[in-house]
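Scroll down for the structure; my scribbles are underneath it.
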Amino acid sequence: MNRPRGTPPQQANIRLRGVADISVRGRIALRLAAAAAWASQKAGRGKGSMIGGLIALKIDPTIMDQLGRGRRTVLITGTNGKSTTTRMATAALSTLGEVATQADGANMDAGIVSALNVHRGAPLAAIEVDELHLPHVTDSLNPAAVVLLNLSRDQLDRVGEINMIERRLRAGLARHPDTVVVANCDDVLVTSIAYDHPNVVWVAAGSGWAIDATSCPRSGEPILWEGEDWHSTGTDFRRPQPDWWLDGDKLCGPDGVRLPLRLALPGRANRGNAAQAVAAAVAMGASAEEACAATGTVREIAGRYRTVQLGEHSARLLLAKNPAGWQEALSMIDSTAAGLVIAVNGQVPDGEDLSWLWDVRFEHFEGMQVVAAGERATDLAVRLTYAGVEHTTVPNPLRAIASCPPGRVEVLANYTAFRDLNRDLEARAGRKDTAS
């Protein structure tokens with residue numbers, strides 16, 4: 001395996017190129033996309049970025065390629081942490097210049113096209129990409145760097161079997177040997193994707209979820225863990241030596257780099273996200289010191305981690321979308337809070353099969369006042385009962401918050417439950433503004 005030791009060649013004096021001209025067909029596509037987005041906004045159907053991107057791609061399927069030319073781009077993907085790491089990478093790269101990125105986390109083709117178009121003059125881009133879309137987006141944008149965060153079971157009805165995804169991502173990156181791959185060496189599946197790539201920066205970003213990687217994705221042999229180290233029995237596949245790693249509250253890197261990492265966001269996973277964001281920014285020419293400091297300016301991602309006041313309750317909002325994400329989010333819950341509201345829906349974006357609830361450990365919430373909420377509150381209530389967690393069931397999340405004792409309330413919701421709760425909070429705030 002050919003593996004670099006970590007210091008990227010461009011630390012300073014990089015030249016940021018302008019964005020190439022768009023073809024006549026492409027300009028027509030973008031004008032019509034802008035008109036569609038405007039109509040969507042006027043009709044009250046959202047910001048219109050998705051419909052605009054879809055129309056642009058329909059008219060000119062090469063529009064993503066054109067919008068990506070001339071930029072130095074980093075793509076960020078993984079099962080969990082994409083939006084947070086993208087925001088951190090954007091902050092870190094902003095020390096070099098303007099950065100194109102998604103404001104709303106729209107990480108498929110239409111959302112990516114819209115983000116690149118909105119920031120057409122930006123010489124840099126930090127783009128969040130859905131795992132299934134990474135291979136062809138990499139082909140279109142030819143990125144300077146790709147960040148691989150983690151890979152674990154998600155919505156089986158959409159994503160499919162996890163080892164199949166690993167193979168697809170490995171094959172996709174093999175077409176781009178010059179791209180720097182910033183890979184989490186604590187994640188077995190991510191390591192397998194990047195293991196043979198000629199240009200890898202390894203980051204020990206942590207892995208709190210190993211259930212989906214108990215066997216080697218390459219040989220099928222068991223994975224054995226010895227502390228932080230792991231290896232496959234019977235093969236030479238093992239955890240690479242990291243180029244960047246965390247040591248308490250310090251981020252350590254090549255050439256003796258040792259920097260204080262002060263984040264506004266909670267949780268061990270976000271420290272790993274920040275480490276990979278910094279490694280990617282340095283690979284693209286940013287100062288390690290400036291990039292590390294910039295990650296600490298990120299405080300909220302599309303409503304996640306924010307605290308809202310609802311009468312006598314101060315509610316902190318957390319999002320989780322799959323078993324690994326739920327396990328990490330549950331570790332952030334403050335057990336001294338007055339209550340915990342867990343909201344679960346089962347719509348198409350969530351995955352309609354909620355059997356994953358049985359993979360999540362809810363057992364350590366004895367003693368907290370827990371409320372099961374969301375469209376699938378009853379399914380959650382059954383799981384909490386088997387976990388031995390005393391709880392009540394109030395399907396409406398706002399009413400569930402109101403049912404808790406006055407004070408701080410932790411609110412953990414899956415994708416559409418989180419989206420709908422934020423929509424209801426905005427509507428509530430709008431009614432208050434009108435009344436005043």
Side-chain angles (χ1 to χ4, degrees), residues 45-46 50 77-84 86 102 104-108 110-111 128-133 149-162 164-165 208-209 211-212 269 301-306 315-333 340-362 370-384 386-387 389 391 393-401 410-426:
R45 299 179 65 86
M50 291 299 294
T77 198
T79 308
N80 293 298
K82 293 187 290 292
S83 296
T84 300
T86 300
Q102 302 106 312
D104 54 3
N107 57 27
M108 299 184 190
E128 174 184 344
V129 186
D130 179 84
E131 308 92 281
L132 294 181
H133 290 239
L149 298 170
N150 46 65
L151 199 59
S152 65
R153 184 164 25 101
D154 203 352
Q155 304 158 20
L156 292 178
D157 54 340
R158 182 182 76 86
V159 177
E161 194 269 330
I162 198 67
M164 180 268 290
I165 301 301
W209 182 267
I211 293 176
D212 296 312
I301 298 92
R304 305 171 203 180
Y305 308 108
R306 70 173 173 141
R316 184 174 68 143
L317 310 183
L318 301 173
L319 171 70
K321 296 180 283 189
N322 46 60
W326 274 83
Q327 208 61 63
E328 189 61 43
L330 286 167
S331 72
M332 300 180 193
I333 298 298
L340 168 62
V341 173
I342 305 175
V344 174
N345 286 357
Q347 299 179 25
V348 171
D350 307 303
E352 296 172 309
D353 178 3
L354 293 190
S355 59
W356 57 263
L357 283 171
W358 296 89
D359 295 326
V360 179
R361 286 189 55 80
F362 291 99
V370 178
V371 186
E375 297 171 352
R376 302 291 287 274
T378 303
D379 297 83
L380 174 61
V382 171
R383 174 68 184 99
L384 293 174
Y386 276 87
V389 178
H391 62 279
T393 302
V394 182
N396 182 287
L398 283 178
R399 293 176 183 171
I401 295 169
E410 301 280 67
V411 181
L412 178 55
N414 71 345
Y415 182 77
T416 66
F418 187 89
R419 177 201 66 193
D420 295 348
L421 174 58
N422 275 282
R423 180 197 61 202
D424 292 344
L425 289 170
E426 290 174 5

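Side chains are part of it too, since the values below use all heavy atoms of this structure and drop only hydrogens, waters and symmetry mates. Nothing fancy with the numbering, it's 1 onward along the sequence.
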I need the [X] [atom1] to [Y] [atom2] distance, nearest 0.5 Å.
| X | Y | atom1 | atom2 | result |
| --- | --- | --- | --- | --- |
| L319 | L421 | CG | CG | 11.0 Å |
| L330 | E328 | CG | CD | 9.5 Å |
| R304 | T84 | CZ | OG1 | 6.0 Å |
| I333 | L318 | CD1 | CG | 5.0 Å |
| R316 | L412 | CZ | CG | 10.0 Å |

**Message:** Does Y415, at its OH atom, have more than 12 non-hydrogen atoms belonging to other residues, nucleotides or ligands within less than 6.0 Å?
**Reply:** no
**Asked** Parallel, tilted or perpendicular: which describes the rings of W358 and Y386, with under 30° parallel and over 60° perpendicular?
**Response** perpendicular
Quick check: does any side chain N or O of [X] sit under 3.5 Å from a backbone N or O of [Y], one acting as donor and the other as acceptor?
| X | Y | result |
| --- | --- | --- |
| R383 | V360 | yes |
| N150 | G78 | no |
| E128 | Q102 | no |
| D350 | T416 | yes |

Give the minimum heavy-atom separation between [X] and [Y], together with the two atoms involved.
| X | Y | result |
| --- | --- | --- |
| I162 | S152 | CD1-O, 3.2 Å |
| G303 | L317 | O-CB, 4.0 Å |
| A315 | V411 | CB-CG2, 4.0 Å |
| E131 | I165 | CB-CG2, 4.4 Å |
| A417 | V344 | CB-N, 4.4 Å |
| D130 | K82 | CA-CE, 4.5 Å |

Do [X] and [Y] make a side-chain contact, defined as non-hydrogen atoms from C-beta onward lying under 4.5 Å apart?
| X | Y | result |
| --- | --- | --- |
| R306 | N422 | yes |
| E410 | M332 | no |
| F362 | I342 | yes |
| L384 | V370 | yes |
| F418 | K321 | no |
| N107 | T77 | no |

**Prompt:** Of N80, D359, T79, N414, which meets side chain to side chain donor-acceptor pair (under 3.5 Å) against N322?
**Reply:**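 The single option meeting the side chain to side chain donor-acceptor pair (under 3.5 Å) with N322 is N80.
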